[in-house]
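Below is one structure, written out as structure tokens; comments come after it.
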Amino acid sequence: MKKVRLRLGSNSYDICVGSGLLTQTGQQLKKIGFSDRLVIITDPIVKSLYGNTLKQSLASGGFKVIILEVPEGEEQKSLETAARLYSELSSFHTERTTPILALGGGVIGDLAGFVAATYLRGVPLIQIPTTLLAQVDSSIGGKVAVNHGQLKNKIGAFYQPRLVISDINALKTLPGEEFINGLAEVIKSAVVWDKEFFDFLERSLDKIKSLDDRALEEIVFRSARIKAEVVEKDEKDLGLRSILNYGHTVGHAIESALDFKIAHGRAVAVGMLVAGRISNKLGMLDKNELIRLEDVIGRAGLPTAVPNLKLEKVIQAIEHDKKILRGKIRFVLPRAIGEVFITDEVSLSLIEQVLVG
Ligand SMILES: NC(=O)c1ccc[n+]([C@@H]2O[C@H](COP(=O)([O-])OP(=O)(O)OC[C@H]3O[C@@H](n4cnc5c(N)ncnc54)[C@H](O)[C@@H]3O)[C@@H](O)[C@H]2O)c1
């Protein structure tokens, strides 16, 4: 098992990464001082795959377990579902010391995290992410949220978990598309922060895609370490943390232009490439590095071309975001692999030029 310590004073916590960790969860929770009852929030797919293993591990640690189930899907990240969970928690008379374990992907992590942050003004939260995206990104850093109307992820809090347990074995049952989706965030982490990690990805993509244990442990561990380092420096997302939005400005505009009928990771991959090409046109990112970026994205199984869509719609979506940001389009651009900068000096015409290729 590998460990990353995320240091935030009294809110510091460990992120544990390894194979078979679900079976050790009971012991680990005892070690950090929990006993008695706890609540697992999960969805039916994850419950059927991992519910029993986790329950047994918790029972062997002497815990009594309550499982609350939420149907899978982004629609469940809602105030209505949170309200239902509050009622269920109350019907079991859970207390302020009763931890909530979020067992699942980013949807469960965000929703259960939101409930943990708000129920009884905050109960302990343990993140047990089971998708690649959740292990490398969403379970770390304390952003918890639900959606409300057009407000995606906008009703929420910064609420750090007490522990993150990433069992890489869970990645082996993920649908291929979900795994590839998560790889976009892995590549993002390397490009924004760690050139050496990018070299590792280049060398190891085949092993990663064949779900080799050591390769999986390495990508989850290294991405978690990068996210932890960034969050330690900017927990509340007031500056540096926005580098993690690399690929997301254009990525989000593409998702919106395609009515969200494209996977998030695929849209982010295109966004990362567009940002790379913009940087190259501005005389920053070297052509060779741009080619390496394109190569890794393509070999990961992510798109390297802008999908077929109406360009005006992408520009409209970017302009819509621009309005929200008081007239500025903020771009995270790679200066080189492993180093990014933030600028609001990218013109719409340059974006258009790069989008049409
Ligand atoms: N809080 C943050 O910092 C942050 C960051 C990025 C994304 N997010 C959020 O994360 C969410 C997306 O998360 P996601 O990509 O994990 O999707 P998801 O949570 O919807 O999970 C995808 C699907 O995989 C299934 N699944 C989960 N684990 C599995 C496993 N081990 N084997 C087989 N199937 C499994 C789930 O049941 C679900 O159907 C979005 O709501 C997004 O807003 C949050």
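Computed from a predicted structure; not experimentally measured. Each ligand, and each atom within it, is numbered from 1 in the order the structure gives.
- By the 6.0 Å contact criterion, CZ on Arg5 is enclosed, its count of non-hydrogen atoms from other residues, nucleotides or ligands being greater than 12.
- Looking at Glu218 and Lys2, a side-chain N of the basic residue comes within less than 4.0 Å of a carboxylate O on the acidic one, giving a salt bridge.
- In this structure, Lys188 pairs ionically with Glu185, as a charged nitrogen and a carboxylate oxygen lie closer than 4.0 Å.
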Practice task
Walk me through it: do Tyr50 and Thr173 pass the test side chain to side chain donor-acceptor pair (under 3.5 Å)?
Solution key: CA-CA 10 Å; Tyr50 302 108; Thr173 55; 2.6 Å; yes
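- Electrostatic pairing of Arg292 and Asp199 counts as a salt bridge here, judged by a charged N lying under 4.0 Å from a carboxylate O.
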Handout entry: Step-by-step side-chain contact (heavy atoms from CB on, under 4.5 Å) determination, Ile318 to Val314
Key = CA-CA 6 Å; Ile318 291 174; Val314 183; 4.2 Å; yes
Mind listing the N or O contacts between ligand 1 and protein, cut-off under 3.5 Å?
| from | atom 1 | to | atom 2 | distance (Å) |
| --- | --- | --- | --- | --- |
| ligand 1 | 1 (N) | Asp110 | OD1 | 2.9 |
| ligand 1 | 1 (N) | Lys143 | O | 2.9 |
| ligand 1 | 13 (O) | Gly106 | N | 3.2 |
| ligand 1 | 16 (O) | Gly106 | N | 2.8 |
| ligand 1 | 16 (O) | Thr131 | OG1 | 2.6 |
| ligand 1 | 19 (O) | Gly106 | N | 3.0 |
| ligand 1 | 19 (O) | Val107 | N | 3.0 |
| ligand 1 | 28 (N) | Thr130 | O | 3.4 |
| ligand 1 | 28 (N) | Thr130 | OG1 | 2.7 |
| ligand 1 | 31 (N) | Thr130 | O | 3.0 |
| ligand 1 | 31 (N) | Ala170 | O | 2.9 |
| ligand 1 | 31 (N) | Thr173 | OG1 | 3.4 |
| ligand 1 | 32 (N) | Thr173 | O | 3.4 |
| ligand 1 | 32 (N) | Thr173 | OG1 | 2.8 |
| ligand 1 | 37 (O) | Asp43 | OD1 | 3.3 |
| ligand 1 | 37 (O) | Asp43 | OD2 | 2.7 |
| ligand 1 | 41 (O) | Glu74 | OE1 | 2.6 |
| ligand 1 | 41 (O) | Glu74 | OE2 | 3.4 |
| ligand 1 | 41 (O) | Lys77 | NZ | 2.9 |
| ligand 1 | 43 (O) | Lys77 | NZ | 3.1 |
| ligand 1 | 43 (O) | Lys152 | NZ | 3.3 |
| ligand 1 | 43 (O) | Asn153 | ND2 | 3.1 |

